[in-house]
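What follows is a single structure, written as structure tokens, with notes after it.
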Amino acid sequence: MKPFKFSLKTVLEVRSNEEQVAGDVYARARGEVEALQLHWRALDEAVDATLSACRSAFDGQAQTGDLAQLQGSLRSLRAQLAEMEPELLRLQGVMDEKWQLLLEARQRREALEKMRDKKQTLHQYEARRTEQNAIDEMVLLREASGLATKF
């Protein structure tokens, strides 16, 4: 019997390539989100540090100019966080969409692989059955021709 050949091999390769591309796109989107989250955390830490400095300045004897500068810095940092929030939400939405595309591509590939595995299993079963039939036929022919040896 001839060896197994999956008729949809090219389609499976295309699906695998699609999954790879979707994975790369998802990885880039995730990297963008992580970079923006890192920047967000840095700004948030700067806000916390500025708040601590403001508290220290209010508790001690600080110059009015220093307090005004700290408050201005705090307003600026909070404004940057407010401006960044919609972009972060948008990027997270894009990342979620790319994840869905990756999952769909993976499911399409896995469906074809499952079909290939079933066909390969069936092919192997048929090969074993054909081989067994050939062996049975040889034994029957031997018996019929009288070449069988008796012990």
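Residue indices begin at 1 and follow the sequence shown.
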Restricting to pairs with a member in residues 124-134, which pass salt bridge (Lys or Arg N to Asp or Glu O under 4.0 Å), not counting sequence neighbours?
E126-R129
Under the rule for ring pair (Phe, Tyr, Trp, His ring centres under 6.0 Å), what residues qualify as partners of F6, not counting sequence neighbours?
none
Once side chain to side chain contact (heavy atoms under 4.5 Å, CB included) is applied, do any residues pair with L89, and if so which ones, sequence neighbours excluded?
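Once residues adjacent in sequence are excluded, the partners of L89 under the side chain to side chain contact (heavy atoms under 4.5 Å, CB included) criterion are E85, Q92.
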Among residues at least two apart in sequence or on other chains, which ones pass side chain to side chain contact (heavy atoms under 4.5 Å, CB included) with T121?
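Checked T121 against side chain to side chain contact (heavy atoms under 4.5 Å, CB included); zero matches.
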same_hphob_cluster(M84, M95) at 4.5 Å side-chain heavy-atom cutoff:
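Result: yes, single cluster for both.
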State whether the side chain of S16 and the backbone N or O of L12 hold a donor-acceptor pair below 3.5 Å, judged by distance alone.
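Yes, S16 side chain to L12 backbone: donor-acceptor pair under 3.5 Å.
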Any donor-acceptor pair under 3.5 Å from H123 side chain to K2 backbone
yes
Does R75 reach the side chain of Q71, with side-chain heavy atoms less than 4.5 Å apart?
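Yes; the side chains approach each other to less than 4.5 Å.
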Criterion side chain to side chain contact (heavy atoms under 4.5 Å, CB included) against L8, the qualifying member of M115, R15, R116
M115
CG-CG distance between L51 and L74, expressed to the nearest 0.5 angstrom
5.0 Å
I need the L141 CG to E143 CD distance, nearest 0.5 Å.
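Between atom CG of L141 and atom CD of E143 there are 10.5 Å.
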ILVMFWY cluster membership beyond L140 - transitive side-chain contacts under 4.5 angstrom:
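None; L140 is a cluster of one.
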Assess the residue pair K118 and L122 against the criterion (side chain to side chain contact (heavy atoms under 4.5 Å, CB included)); give the C-alpha distance rounded to whole Å, side-chain angles, the decisive distance to 0.1 Å, and a yes or no.
CA-CA 6 Å; K118 283 182 180 179; L122 182 62; over 6 Å; no
Distance-only criterion, 3.5 Å: show the donor-acceptor pairs between side-chain atoms of residues 99-112 and protein atoms not counting sequence neighbours.
| residue | atom | partner | partner atom | Å |
| --- | --- | --- | --- | --- |
| R106 | NE | E19 | OE2 | 3.0 |
| R109 | NE | E19 | OE1 | 2.1 |
| R109 | NH1 | E113 | OE1 | 2.7 |
| R109 | NH1 | E113 | OE2 | 3.1 |
| R109 | NH2 | E19 | OE1 | 3.3 |
| R109 | NH2 | E19 | OE2 | 3.4 |

Show the atom names and distances, to 0.1 Å, of all donor-acceptor pairs under 3.5 Å that link a side chain in residues 21-43 to residues at least two apart or in another chain.
| residue | atom | partner | partner atom | Å |
| --- | --- | --- | --- | --- |
| D24 | OD1 | Q20 | NE2 | 3.2 |
| R30 | NE | E34 | OE2 | 3.0 |

By salt bridge (Lys or Arg N to Asp or Glu O under 4.0 Å) - contacts of E87 (at least two apart)
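Partners of E87 under the salt bridge (Lys or Arg N to Asp or Glu O under 4.0 Å) test: R90.
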Could you work out, with side chain to side chain donor-acceptor pair (under 3.5 Å) as the rule, every residue matching Q132, not counting sequence neighbours?
D136
